[in-house]
Chemist: 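Can you read through this structure? Questions will come right after.
Because the structure is a prediction, the values reported are computed rather than measured. Note that the numbering runs from 1 along the sequence shown for the chain.
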Amino acid sequence: MFPLPEASINEKQMAEYMLVLDTSYKYYLQLLDKKFSEKDARNVAGLTNELFFRIAHINNKMINE
């Protein structure tokens with residue numbers, strides 16, 4: 001195996017990114033409860049990128065099982 005380059009993301013950084021995504025997804029869910037449209041809720045929560053939204057959704061399911 002080759003060593004990972006110095007610029008790679010370490011575990012602590014990855015955990016922080018996943019926490020930010022989880023927080024954004026929870027905010028998105030709160031906005032839906034407040035009767036925001038799905039599109040508006042995703043915009044306000046910062047989840048307009050489809051990949052980020054899907055990762056946030058899966059991450060939220062894993063954390064809250």
Chemist: In Å and rounded to the nearest 0.5 Å, what is the NZ to CG distance from Lys34 to Leu29?
Modeler: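 CG of Leu29 is found 13.0 Å from NZ of Lys34.
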Chemist: Hey, any chance Tyr27 and Leu32 share a hydrophobic cluster, counting ILVMFWY side chains that come within less than 4.5 Å of each other, even indirectly?
Modeler: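 In one cluster with Tyr27: Leu32, no.
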Chemist: With side chain to side chain contact (heavy atoms under 4.5 Å, CB included) as the criterion, how do Leu21 and Ile55 come out once you've worked through the C-alpha distance, each side chain's angles and the decisive distance to 0.1 Å?
Modeler: CA-CA 8 Å; Leu21 281 175; Ile55 293 170; 3.6 Å; yes
Chemist: Which distance, rounded to the nearest 0.5 Å, do you find between the CZ of Phe36 and the CZ of Arg42?
Modeler: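 Taking CZ in Phe36 and CZ in Arg42, the distance rounds to 15.5 Å.
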Chemist: With rounding to the nearest 0.5 Å, note down the distance linking CZ in Arg54 to CD in Glu50.
Modeler: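 Between atom CZ of Arg54 and atom CD of Glu50 there are 4.5 Å.
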Chemist: Which pair of non-hydrogen atoms, one from Ala56 and one from Leu47, has the smallest distance, and what is that distance?
Modeler: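 Where Ala56 meets Leu47 most closely, the heavy atoms are CB-CD2, 4.2 Å.
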Chemist: Closest heavy-atom contact between Leu51 and Asn49?
Modeler: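 Between these two residues, the closest heavy atoms are N-OD1, 2.8 Å.
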Chemist: Looking at CG of Asn43 and NZ of Lys39, how far apart are the two atoms once the value is rounded to the nearest 0.5 Å?
Modeler: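 Output value for this atom pair is 6.5 Å.
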Chemist: Tell me if the aromatic rings of Tyr28 and Phe53 count as close, with their centers under 6.0 Å from one another.
Modeler: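 Here the rings of Phe53 and Tyr28 have centres that are less than 6.0 Å from each other.
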Chemist: Distance-only, no hydrogens or angles: does the Asn64 side chain make a donor-acceptor pair with backbone N or O of Asn60 under 3.5 Å?
Modeler: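 Here the side-chain-to-backbone pair exists.
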Chemist: Between Lys61 and Glu65, does any NZ, NE, NH1 or NH2 come within less than 4.0 Å of an OD or OE carboxylate oxygen?
Modeler: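 Not counted as a salt bridge, because no side-chain N and carboxylate O are separated by less than 4.0 Å.
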Chemist: With rounding to the nearest 0.5 Å, note down the distance linking CE in Met18 to CD1 in Ile58.
Modeler: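 It comes to 8.5 Å.
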